[in-house]
Engineer: 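A single structure is presented below for examination.
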Number of protein chains: 2
Amino acid sequence: MTRYSEIKKILKSHKLRVTDGRVDTLEFFLRQAKTLSLKDLEKEFKNSDRVTLYRTLSSFTEHGVLHKIPDDSGHATYGLCHDTCSSEDHSHDHMHFKCNECGTIECLEQNIPVVKIPGYHVKEANLILKGICKTCAA
Amino acid sequence: MTRYSEIKKILKSHKLRVTDGRVDTLEFFLRQAKTLSLKDLEKEFKNSDRVTLYRTLSSFTEHGVLHKIPDDSGHATYGLCHDTCSSEDHSHDHMHFKCNECGTIECLEQNIPVVKIPGYHVKEANLILKGICKTCAA
DNA sequence: TTACTTTTGCAACAGTGTTGCATATAGACA
DNA sequence: TGTCTATATGCAACACTGTTGCAAAAGTAA
């Protein structure tokens with residue numbers, strides 16, 4: 001199976017139309033194997049329109065290909081979802097790590113511990129750790 | 001002790017010059033007893049310049065009067081620090097709660113559990129819970 | 001191929017955050 | 001209290017992200 005047909009299959013399985021831009025974007029995510037921001041995409045695809053890339057990220061997120069990582073800096077970052085994600089079931093309980101040196105945001109395997117607070121209905125939890133990542137620390 | 005002299009004392013103890021704008025801003029934080037954003041201040045102090053309010057928040061944060069709460073929406077929110085905070089020692093390990101209904105962000109008493117990841121140097125952790133707050137749930 | 005739906009590219013705008021600079025003001029000291 | 005110096009303020013201006021509307025282009029299904 002070629003890379004292209006594989007990517008096409010992913011898009012279709014998430015009910016997304018196969019367009020050049022989407023194939024390129026998804027391929028980039030798969031190749032980089034790390035979280036990316038709109039800015040990263042803009043740098044990589046200089047000929048593409050910013051709005052199109054923005055909408056690509058939105059539709060990918062909506063259809064469960066990517067998940068949006070809440071970044072305190074206000075620069076949204078996106079990471080690939082597990083295979084099991086879809087627009088219907090789109091859950092992520094893992095924590096994220098942001099490196100202060102290289103700026104990379106990584107998805108960690110560890111899940112966020114469940115916190116209960118009397119009187120509150122907790123529905124969602126975002127835990128972002130910061131420090132020096134494995135690569136930069138080495 | 002009047003409110004004003006109390007506020008003045010707080011500013012001075014954090015090595016901040018006492019100006020009308022700073023007194024008003026700090027008084028507002030103390031009176032509201034909740035986290036506030038630049039927007040909230042703009043609404044409250046319509047005659048004040050946005051930039052001045054912005055810089056007031058910055059200097060308060062820098063000198064340990066307020067702490068900046070990382071909000072995923074990109075709208076920075078600020079909360080009063082403990083009495084013990086200063087520009088030198090400025091640590092916050094508590095978690096925050098954002099209500100999906102009223103939008104309020106609260107500081108919780110509970111501290112964030114320490115997470116260790118092999119190979120990583122974790123220096124900071126931000127945990128934001130979302131759901132329905134005590135007031136809205138009642 | 002045709003017809004229909006979705007995506008793209010472009011223009012344009014809102015909001016937040018941010019800096020530079022001249023002026024006003026606070027705090028310190030004589 | 002008056003003077004001086006460092007700091008804060010107000011204004012203009014800009015960068016950047018996110019966002020929407022709309023006409024043209026492209027994908028998909030029959």
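Chain naming here is simple, since letters A, B, ... match the order of the sequence lines and numbering starts at 1 in each.
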Engineer: As a test of reading the structure: which of D:dA12, C:dT6, D:dT19 is closest to the side chain of B:Val51, going by heavy atoms?
Structural biologist: D:dA12
Engineer: Distance check needed: C:dT8 C1' versus A:Asp24 CG, whole Å only.
Structural biologist: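 Going from CG in A:Asp24 over to C1' in C:dT8 covers 14 Å.
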Engineer: Between D:dG21, C:dT19, D:dT9, which nucleotide gets closest to the side-chain atoms of B:Thr52?
Structural biologist: D:dT9
Engineer: Please give, in whole Å, the distance from D:dT7 C1' to B:Phe60 CZ?
Structural biologist: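 The answer, rounded to whole Å, is 14 Å.
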Engineer: NA contact type, A:Arg55, heavy-atom cut-off 4.0 Å: base, sugar-phosphate, or nothing?
Structural biologist: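 Touches a base.
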Engineer: Between B:Arg17 (CZ) and D:dT9 (C1'), how many Å, whole number?
Structural biologist: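 Spelled out: CZ on B:Arg17 to C1' on D:dT9 is 12 Å.
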Engineer: Using modelled atom types only, decide if a donor and an acceptor are shared between the side chain of A:Lys43 and the backbone of A:Asp40 within a distance under 3.5 Å.
Structural biologist: no
Engineer: Nearest to the side chain of B:Thr19, heavy atoms from C-beta on, is which of D:dT9, C:dG17, D:dT19?
Structural biologist: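 Taking heavy atoms from C-beta onward, the closest nucleotide is D:dT9.
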Engineer: Can you tell me the distance, in whole Å, between the NZ atom of A:Lys12 and the P atom of C:dT7?
Structural biologist: 14 Å
Engineer: Quiz question: going by heavy-atom distance under 3.5 Å, is there a donor-acceptor pair between the base of D:dG18 and the side chain of A:Arg50?
Structural biologist: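 Counting by modelled atom types and ignoring angles, a donor-acceptor contact under 3.5 Å is found here.
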Engineer: Ignoring the backbone of A:Asp20, work out which of D:dA6, C:dT8, D:dG27 is nearest its side chain.
Structural biologist: D:dG27
Engineer: Do B:His94 side-chain atoms and B:Asn111 backbone N/O form a donor-acceptor pair below 3.5 Å?
Structural biologist: no
Engineer: What is the separation between atom CG on B:Leu16 and atom P on D:dA8, rounded to the nearest whole Å?
Structural biologist: 7 Å
Engineer: Please report, rounded to the nearest Å, how far the C1' atom of D:dA8 is from the NE2 atom of B:His63.
Structural biologist: 12 Å
Engineer: Think A:Lys39 has a side-chain N or O under 4.0 angstrom from the OP1 or OP2 of D:dT17?
Structural biologist: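 Yes, such a contact exists.
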Engineer: What is the distance, to the nearest angstrom, from the CG atom on A:Leu57 to the P atom on D:dG18?
Structural biologist: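 One finds 9 Å between P of D:dG18 and CG of A:Leu57, rounded.
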Engineer: Side-chain N or O of B:Tyr54 less than 4.0 angstrom from OP1 or OP2 on C:dT18?
Structural biologist: yes
Engineer: At less than 4.0 Å, is any side-chain N or O atom of A:Arg22 found next to OP1 or OP2 of C:dT7? Yes or no.
Structural biologist: yes
Engineer: Strictly distance-based, threshold 3.5 Å: is any side-chain N or O of A:Arg22 a donor or acceptor partner for the main-chain N or O of A:Leu16?
Structural biologist: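 Such a contact is absent between A:Arg22 side chain and A:Leu16 backbone.
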Engineer: Nearest whole angstrom, please: distance from the P of D:dG18 to the CG of A:Leu38.
Structural biologist: 6 Å
Engineer: Would you tell me whether A:Glu106 and B:Tyr120 have side-chain atoms, one donor and one acceptor, within less than 3.5 Å of each other?
Structural biologist: yes
Engineer: Using a strict cut-off of less than 4.0 Å between a Lys/Arg side-chain nitrogen and an Asp/Glu carboxylate oxygen, indicate whether A:Arg31 and A:Glu27 qualify as a salt bridge.
Structural biologist: yes
